[in-house]
Amino acid sequence: MADHLWSGRFSAKPAAALDAINKSIAFDLRLWPQDIEGSRAHAAMLAHIGLLTTDERDAILQGLSAVRAEFEAGTFVVHDEDEDIHMAVERRLTELVGEPGKKLHTGRSRNDQVATDLRLFARDAIDDLSCRGRGVLLRLTELAVAHAADPLPAYTHLQRGMPTTLGHHLMAWAAMLWRDLDRLADARRRANISPLGSGACVGSSFPLDRALTADALGFAGLTTNSLDGVSDRDFVCDLLYACAMMALHLSRIGEEVVLWCTQEFAFLTLGDAVTTGSSMMPNKKNPDGAELLRGKAGRVLGDLVGFMATLKGLPLTYNKDLQEDKEPLFDAVDTLRLGLDMTMALLEGATFHTERMRAACSQGVNATDFCEALVRAGLPLRTAHHQTGRLVALAFARGSELQDLPLDEVRSVAPDATAEMLADLQVDRLLASKTLLGGTAPESVRKAAEALRAALLETQTHPHGGA
Ligand code: ARG
């Protein structure tokens, strides 16, 4: 077995247990694109400041291209002594190009290297998640426009409250996810700075051109303290939080989908492509995808809380504990990516039963509007509320609706009531009356959907506000 790159001062091989606990190659191998990009930028900079000849630089860049080609072709072979992706790439590069490969790590430590790689990964992951999130949001705005005038009960305490529209409800989902995109953009802004040049912890005595490597890697700025540069993982926590919050929102959407496609609600039928059968009950069609939107949020939350627990109390600067940053981050990003794709598939495969939703706008969901009509006629709110409550009880006892009670009976409880007030309880009129900004009126919902659509198309061209 070949020696570790750091074997100079050691006379014994690492114990098997140390090897097993210490190696990160099993999970950081996926950082190869970022590691190779970072090394290319570092090599070019070393040549720029005269620490590599142009021949050495070219040999390294060609060698790194060859290593990349092996990863792309799936032919890269990990060796026993490859502790992590950084060592694996450097080891292979040196095998391929010889002496120049041994100069690549000049002025660099795996500590600033891994911090750089992971920031690049976070940035790529955010771009990918944002793109998928925008896809879901665009679909929601389309559906919202299509269903802007379809009545649906709005629930509080999961009890029917007042009529809203399916479009307004879908736009509420969109509002949550829009904030999540904003959180992702915010996480990107803080991840997008270069720690390269922090070295192992104190910077470097070589005249490294930090701005040059940062520019080459597309970073928007530089970290300003080397001790912090190698040990800061706030950007990981920021992204984990953004992922956890978005996964949590998807879990709430998932739960509503589960509820809506029960026989009891029957507001929604999911397509065969997004449901599963039962191995025993031939009648079943289960919304597993939506249930897993609900279920997967738990692990993403665990990723966030678990990694914050790892960071807690860590002294400066780099400590090996920090190697524990990768698995939760990868898990959170992968899980959220799956969740967004599942959400998209659910929306594609959904049939909304709008007649059934309309029919559910019954059993007193117009009581608040009736109460407010009495207020408009001059009654104090409390008096109107009390009279309406009595009328609701009367209607329920009859198994009828408020507007179907005979007018004189209504008047015996609410003397200010008119036939017009009862006629106005028709659901479409109630919807149309909620014209405040952010309200339920179909016109407001259409406007909100169009505004969000425009904002989404705008952020597509400038994904992160230019930062
Ligand atoms: N595999 C390590 C990590 O992921 C790379 C940095 C190791 N640095 C060190 N001094 N051992 O954090």
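All ligand and atom numbering here is 1-based and tracks the order in the structure. The first residue in the sequence is number 1, and the count goes up from there.
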At a 4.0 Å threshold, what atoms of ligand 1 neighbour a non-hydrogen atom of [X]?
X: Ser24; answer: 1 (N)
X: Asp84; answer: 1 (N), 2 (C), 5 (C)
X: Lys326; answer: 3 (C), 4 (O), 12 (O)

Is the shortest N/O to N/O distance between [X] and ligand 1 below 3.5 Å?
X: His86; answer: no
X: Asn111; answer: yes
X: Asp325; answer: no

How far is [atom] from the closest protein heavy atom, and which atom is that?
atom: atom 3 (C) of ligand 1; value: Tyr318 OH, 3.2 Å
atom: atom 11 (N) of ligand 1; value: Arg110 NH2, 3.4 Å
atom: atom 2 (C) of ligand 1; value: Gln323 OE1, 3.2 Å

**Request:** Indicate, as side chain, backbone, both or neither, the part of Gln113 found under 4.0 angstrom from ligand 1 when only non-hydrogen atoms are considered.
**Result:**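 The answer is neither; Gln113 stays 4.0 Å or more away.
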
**Prompt:** Would you say the side chain of Gln62 lies within less than 4.5 Å of the side chain of Leu96, judging by non-hydrogen atoms?
**Reply:**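 Not in contact.
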
**Item:** Side-chain heavy-atom pair Arg108, Ser39 within 4.5 angstrom cut-off
**Value:**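 Touching, per the 4.5 Å side-chain cut-off.
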
**Prompt:** In this structure, which one of Leu336, Leu137, Leu340, Leu338 forms a side chain to side chain contact (heavy atoms under 4.5 Å, CB included) with Arg132?
**Reply:**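 Of the listed residues Leu336, Leu137, Leu340, Leu338, the side chain to side chain contact (heavy atoms under 4.5 Å, CB included) partner of Arg132 is Leu340.
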
Presence of salt bridge, [Y] and [X], under 4.0 angstrom:
X: Glu37; Y: Arg123; result: no
X: Glu90; Y: Lys102; result: no
X: Lys326; Y: Asp28; result: no
X: Lys13; Y: Glu81; result: no

